[in-house]
Amino acid sequence: MAMNTQGRPTSAGEASTKSHKTFTGNYGLQIEEPLSFEIGRPETTGVDLPAPKKMTSRLGKLARAGEIGIPGLSEPETMRHFVRLSQKNYGIDTGLFSLGSCTMKHNPRLNEKMARLPGFGDVHPMQPQSTVQGALELIDTLAHYLKELTGMKAVAMSPKAGAHGELCGMMAIKAALEAKGEGHRRTVLVPDSAHGTNPATAALIGFEVKAVPAQADGTVHVADVKALLGPDVAAIMLTNPNTCGIFEKQIVEIAKAIHAAGAYFYCDGANYNAIVGKARPGDLGVDAMHINLHKTFSTPHGGGGPGSGPVVLSERLAAFVPYPFVHVGNGFELVENEGRKTKAEKPFGRLTAFHGQMGMYVRALAYMLSHGADGMKQASEDAVLNANYIRAGLKDLMSLPFGDQPCMHEALFDDAWLKDTGVTTLDFAKAMIDEGYHPMTMYFPLVVHGAMLIEPTESESKASLDLFIATLRDLARAAKRGEVERFRGAPYHAPRRRLDETRAARNPVLRWTKPQPLAEAAE
Ligand SMILES: *Cc1c(COP(=O)(O)O)cnc(C)c1O
């Protein structure tokens with residue numbers, strides 16, 4: 001199979017067909033579901049309306065001449081359509097979601113109940129502020145806890161996801177440099193192992209990205225950072241724990257070196273789940289860090305779903321918090337523009353149209369308050385323990401790229417152990433689907449060949465981890481025995497088989513065309 005330099009296959013493997021075809025195309029209780037356009041009929045509706053009274057059209061020549069053609073379904077058909085679609089989704093409520101770097105943890109139902117309270121769920125962003133004082137107080141309370149947990153001076157609440165938070169933090173750094181008359185600093189240092197959003201963010205706002213190499217232990221060493229520092233360096237963007245699941249041991253020395261060179265320290269906080277209650281980024285010398293509320297503080301996410309990425313800022317950047325922000329004076333006020341600016345505030349601009357993701361805020365605060373300080377610390381410890389349990393349970397069969405050292409919240413394997421088996425990381429991941437597991441993160445971080453990054457989170461019980469480990473051990477042994485067929489055509493049991501993901505990304509088909517009726521197609 002053709003591979004690129006990261007060991008990622010560049011073409012799809014040949015897919016074999018299901019051995020036993022059914023009449024309906026369904027398999028057991030797994031039911032196929034076409035698009036509503038394919039099964040709907042324009043004359044059908046789920047509601048029973050009286051025939052319209054006779055009336056004269058006021059549309060004149062603008063009246064539609066033909067049928068609009070929107071497909072209709074009866075109420076039970078509509079119900080089945082959406083329930084069947086929902087069953088095609090694998091989520092954290094279905095089973096262990098081993099995706100690394102994403103913290104797919106359980107979302108407590110209490111959070112959902114709180115988010116649906118009418119005072120939060122039904123508020124409108126254009127409501128007069130006097131009628132949403134409780135919602136504004138909630139944003140302010142959550143902001144307080146985020147600052148408290150991270151040991152930081154300020155927080156910008158409105159960013160809508162981690163990547164948006166990176167943009168916010170880097171724009172604050174840019175504004176701070178310009179305010180000091182140092183807008184000429186154009187270089188941002190980013191380690192090789194960083195998430196793609198880091199260099200993308202820096203480049204988007206005009207910085208030049210310089211890569212910092214990682215050492216053999218998977219971490220960035222201060223000497224390598226110092227070698228790149230100079231009067232042109234604006235900032236470093238470092239992830240901690242890093243994307244290899246390892247704590248950056250020299251982070252304090254790196255922060256000191258960065259500051260001594262007049263630059264700023266941006267920390268990608270996507271992996272904050274591993275250290276909440278254990279270490280405060282502010283104490284480590286961080287100037288700006290986004291917190292993916294949808295990773296660390298539960299709240300559902302995935303499939304491009306909602307996120308929230310507040311950015312905590314150090315004393316050095318606090319003044320540059322963008323609009324809008326909540327000001328506490330005589331009540332709670334959402335400050336949206338220059339109108340009410342104090343001398344100390346130098347917002348770099350306005351980041352979002354409204355206040356941010358209210359539903360995410362409510363869920364995150366509910367998570368914090370129900371866990372308490374001790375519970376959040378315990379969650380971090382359990383997340384790290386679970387990842388190490390998986391590492392220890394698989395390390396004799398699968399290879400560890402950075403030696404046998406303890407990991408943080410995720411365990412990273414490479415594909416050295418698959419050498420000469422004829423099975424690739426992709427094949428292995430697809431075979432996990434047949435066993436009922438969402439695959440781990442594959443081929444990321446890029447610094448590791450054929451990477452498999454597993455993050456079990458604190459949500460999983462020992463029994464659940466034991467079954468997962470036993471399943472991966474069974475697969476690993478099969479691969480080593482040369483049972484290539486179990487892998488190459490996998491998944492055999494999923495509603496959709498092996499897809500050509502590369503072609504789908506390169507040549508996306510974005511237009512739906514009505515399929516020809518079978519009789520016509522046959523002619
Ligand atoms: C998830 C993640 C991001 C981006 O966060 P989004 O909320 O998906 O925008 C950035 N860096 C790392 C390391 C991540 O895991």
Side-chain angles (χ1 to χ4, degrees), residues 111 114-150 152-176 179 269 288-294 296-297 299 301 305-315 317-369:
N111 299 1
M114 295 304 109
R116 281 165 178 70
L117 289 174
F120 297 128
D122 295 346
V123 292
H124 191 281
M126 306 281 259
Q127 255 174 263
Q129 295 197 13
S130 63
T131 65
V132 289
Q133 286 292 298
L136 293 176
E137 181 173 0
L138 183 137
I139 297 175
D140 185 63
T141 307
L142 178 61
H144 169 74
Y145 284 125
L146 291 176
K147 287 185 282 184
E148 194 69 21
L149 281 167
T150 55
M152 300 286 263
K153 170 90 175 150
V155 58
M157 292 298 290
S158 67
K160 299 285 178 70
H164 199 204
E166 290 174 32
L167 184 70
C168 173
M170 291 306 289
M171 286 177 83
I173 288 172
K174 199 172 187 194
M289 181 182 91
H290 72 260
I291 301 168
N292 307 61
L293 293 186
H294 51 286
T296 303
F297 297 105
T299 92
H301 68 112
S308 181
V311 179
V312 285
L313 299 166
S314 68
E315 183 97 54
L317 294 177
F320 302 93
V321 169
Y323 303 115
F325 53 78
V326 175
H327 174 81
V328 190
N330 193 10
F332 297 89
E333 185 193 352
L334 191 68
V335 182
E336 303 195 74
N337 51 50
E338 300 258 337
R340 227 225 75 259
K341 192 160 145 180
T342 69
K343 273 214 197 87
E345 294 161 0
K346 297 176 217 154
F348 67 71
R350 180 166 183 147
L351 199 68
T352 56
F354 297 116
H355 50 278
Q357 304 279 40
M358 195 65 210
M360 305 278 110
Y361 297 156
V362 180
R363 289 176 176 91
L365 187 65
Y367 178 89
M368 287 179 179
L369 294 178

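Here, residue 1 is the first one in the sequence, and each next residue gets the next number. Only heavy atoms go into these numbers, but all of them, side chains included; no hydrogens, no water, no symmetry mates.
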Item checked: M157 and P310, any side-chain heavy atoms less than 4.5 Å apart -> yes
Item checked: Closest non-hydrogen atom pair, V132 against V123 -> CG1-CG1, 3.9 Å
Margin query: Are more than 12 heavy atoms, taken from residues, nucleotides or ligands other than Q127, located less than 6.0 Å from that residue's CD atom?
Written below: yes
Next item on the list: With the side chain counted from C-beta on, respond yes when M114 and F120 share a heavy-atom pair under 4.5 Å apart, and no when they do not.
Entry: no
Checklist line | Straight-line distance of T296 OG1 to M368 CE, nearest 0.5 Å | finding: 9.0 Å
Note to self: Minimum heavy-atom separation for F325 and P347, please, with both atom names.
What the structure shows: CE2-CG, 4.1 Å
Check: Which atom names give the shortest non-hydrogen contact between F348 and C168, and what distance separates them?
Finding: CE2-O, 3.4 Å
Margin query: Do F297 and I291 have side chains that approach each other closer than 4.5 Å (heavy atoms only, starting at C-beta)?
Written below: yes
Margin query: Is there a side-chain contact between S158 and Y323 in this structure, where contact means two heavy atoms from C-beta onward sitting under 4.5 Å apart?
Written below: no
Next item on the list: Mind checking the NZ-CG spacing from K147 to L313? Nearest 0.5 Å is all I need.
Entry: 10.5 Å
Notebook entry, point to check: Under 6.0 Å from the NZ atom of K153, do we count more than 12 heavy atoms belonging to anything else shown?
Noted result: no
Check: For G162 and N292, which heavy atoms make the closest approach, and how far apart are they?
Finding: CA-ND2, 3.4 Å
Which pairs of donor and acceptor atoms, one on a side chain in residues 133-140, lie under 3.5 Å apart (sequence neighbours left out)?
from : atom 1 : to   : atom 2 : distance (Å)
Q133 : OE1    : F332 : N      : 2.8
Q133 : NE2    : Q129 : O      : 3.1
Q133 : NE2    : F332 : O      : 2.8

Notebook entry, point to check: Rounded to the nearest 0.5 Å, how far apart are OH of Y367 and CG of L293?
Noted result: 11.5 Å
Check: How far apart are the closest heavy atoms of G169 and V311, and which atoms are they?
Finding: CA-CG1, 4.1 Å
Note to self: Please give me the minimum heavy-atom distance between V326 and L334, naming the atom from each residue.
What the structure shows: CG2-CD1, 3.9 Å
Next item on the list: Please examine the side chains of T299 and Q357, heavy atoms only from C-beta on, and report whether any two atoms are closer than 4.5 Å.
Entry: no
Note to self: When you compare the side chain of H164 with that of L351, does any pair of heavy atoms fall below 4.5 Å?
What the structure shows: yes
Notebook entry, point to check: Is there a side-chain contact between P306 and M360, using heavy atoms and a 4.5 Å cut-off?
Noted result: yes
Check: If you round to the nearest 0.5 Å, how far is CZ of R116 from CG of D122?
Finding: 11.5 Å
Check: Is H294 reaching over with its side chain to a backbone N or O of H301, donor-acceptor style, under 3.5 angstrom?
Finding: no
Next item on the list: Could you grab the distance from atom NZ of K174 to atom CZ of F320, nearest 0.5 Å is fine?
Entry: 14.0 Å
Check: Can you tell me how far the CG atom of L146 sits from the CE atom of M289, to the nearest 0.5 Å?
Finding: 9.0 Å
Next item on the list: Return yes if some donor-acceptor pair links the side-chain N/O of R350 with the main-chain N/O of A353 below 3.5 Å, else return no.
Entry: yes
Check: Is the number of heavy atoms from other residues, nucleotides or ligands within 6.0 Å of OH (Y145) greater than 12?
Finding: no
